[in-house]
S.K.: 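Have a look at the structure that comes next, please.
Counting starts at 1 for both ligands and their atoms, following the listed order.
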Amino acid sequence: MTLPLANRIALVTGASRGLGRGVALELARRGAHVIALARTQGALEELDDEIRALGQETTLAPCDLRDFDALDRLGRAIFDRWGKLDILVANAGILGPITPISHIEPKEWDDGFAVNVTANFRLIRSLDVLLRASDAGRAVFISSANAHSAEVRPYRAVYVSTKAALEALVRSYAAETASTPVRIMAMTPGHVRTAMRAALMPGEDPQTVPAPEDIAPQIADLCMPGWSETGKLYDVKTKSVKSFQPPQ
Ligand code: NAP
């Protein structure tokens, strides 16, 4: 039986744990060759073992997303080996400090923007030509309801500012590729049982929160060649595509 993502190349950032790991496994189950990017080599190797046990292959990309030159080299390496990229799941993100704005260290602010925003700009810059070379290039950027929620969250300024910037970046990229086969989506996963969620809500019973494997299939659905929406936001909680709207 031919799997639906057979012969498709997918890059997943933040694949070492949490949501990204779940998405990498789900894309592999659907037949994609997954390029798994994160800093923690041992965790990537465990993912590699698990994906090989499924009968699929991975390429590991141990890399710090703040090493922007490495992202340029990654694009070059993908071009040399495959000449195209079918799927980008830009999932990696950091929470940043939970503190009043006046207490945020400048380095914490810069790191938040480097990982959550600039790395995604650099990935687009490096990979756009490869996504356009696919017959059905798909990119999904993992945002947060915090980015646009009417209920403003205090003490998370790095996180909310970076995710709002990410959504603006996603919308610009979608507008620039609207007349091509490339489809670009932002998505909000809702609460997910990961290290990031535990850091934000240490008192919460993790078993009350959906696991990455519960959410991953919905992200993988946005990566399929048949996905047609672009420049919009997929919201996991309501399982629906939402349009961006001006403030009211
Ligand atoms: P997580 O468990 O903390 O995992 C984050 C992933 O990002 C890890 O694989 C980590 O790998 C990678 N990463 C972080 N900094 C990196 C860097 N400098 N270079 C390369 N990789 C880096 O977080 P998660 O909960 O799975 O979050 C995934 C995405 O979902 C994030 O964008 C987050 O904002 C979003 N989100 C999560 C929730 C939730 O409830 N969990 C809710 C809304 C949105 P290494 O440490 O190995 O590098």
S.K.: Which residue and atom name correspond to the protein heavy atom nearest atom 31 (C) of ligand 1, and how close is it?
M.R.: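 For atom 31 (C) of ligand 1, the nearest protein heavy atom comes out as Asn91 O, 3.2 Å.
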S.K.: Assess Ala43 for proximity to ligand 1: is some non-hydrogen atom of it under 4.0 Å away?
M.R.: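 Per 4.0 Å heavy-atom rule, Ala43 does not contact ligand 1.
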S.K.: In ligand 1, which numbered atoms sit nearer than 4.0 Å to a non-hydrogen atom of Gly18?
M.R.: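 In order of numbering, the contacting atoms are 2 (O), 26 (O).
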S.K.: Can you list the ligand 1 atoms lying under 4.0 Å from a non-hydrogen atom of Arg197?
M.R.: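 The list of qualifying atoms is 40 (O), 41 (N).
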S.K.: For atom 47 (O) of ligand 1, which protein heavy atom lies nearest, and how many Å away is it?
M.R.: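 Ranking protein heavy atoms by distance from atom 47 (O) of ligand 1, first comes Thr40 OG1, 2.5 Å.
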S.K.: Residue-level breakdown please: for Val192 versus ligand 1, do any non-hydrogen atoms fall below 4.0 Å on the side chain, on the backbone, on both, or on neither?
M.R.: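 The answer is both.
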S.K.: Heavy-atom contacts under 4.0 Å between Ile94 and ligand 1: side chain, backbone, both, or neither?
M.R.: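 Side chain only; the backbone of Ile94 stays clear of ligand 1.
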S.K.: Using heavy-atom distances only, which candidate in Arg66, Met196, Arg17, Arg39 approaches atom 22 (C) of ligand 1 most closely?
M.R.: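 When every heavy atom of Arg66, Met196, Arg17, Arg39 is considered, Arg39 comes closest to atom 22 (C) of ligand 1.
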S.K.: Can you sort out the partners of His33 under ring-ring contact (aromatic ring centres under 6.0 Å, His included), two or more places apart, ordered by chain and number?
M.R.: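 With neighbours one apart ignored, the set is Trp82.
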S.K.: May I ask whether Cys63 places a heavy atom under 4.0 Å from ligand 1?
M.R.: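 A heavy atom of Cys63 does come that close to ligand 1.
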S.K.: Among the heavy atoms of Lys163, does any lie under 4.0 Å from an atom of ligand 1?
M.R.: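 Yes; Lys163 lies near enough to ligand 1 that a heavy-atom distance drops under 4.0 Å.
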S.K.: So is Ala114 in contact with ligand 1, going by heavy-atom distances below 4.0 Å?
M.R.: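 The answer is no: ligand 1 sits nowhere under 4.0 Å from a heavy atom of Ala114.
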S.K.: Give the contacting part of Ser143 toward ligand 1: side chain, backbone, both or neither, where contact means a heavy-atom distance below 4.0 Å.
M.R.: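 Looking at Ser143 and ligand 1, just backbone atoms fall under 4.0 Å.
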S.K.: Taking Asp64 first and then Arg66, would you say they form a salt bridge - that is, a charged N and a carboxylate O separated by under 4.0 Å?
M.R.: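 Answer for the salt bridge query: yes.
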S.K.: Note the single closest protein heavy atom to atom 30 (O) of ligand 1, along with its residue, its atom name and the distance in Å.
M.R.: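 Checked against all protein heavy atoms, atom 30 (O) of ligand 1 sits closest to Ile142 CG2, 3.3 Å.
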S.K.: Side chain of Ser126, backbone of Leu123: donor and acceptor closer than 3.5 Å?
M.R.: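 No, the answer is negative, given that no donor and acceptor are paired below the 3.5 Å cut-off.
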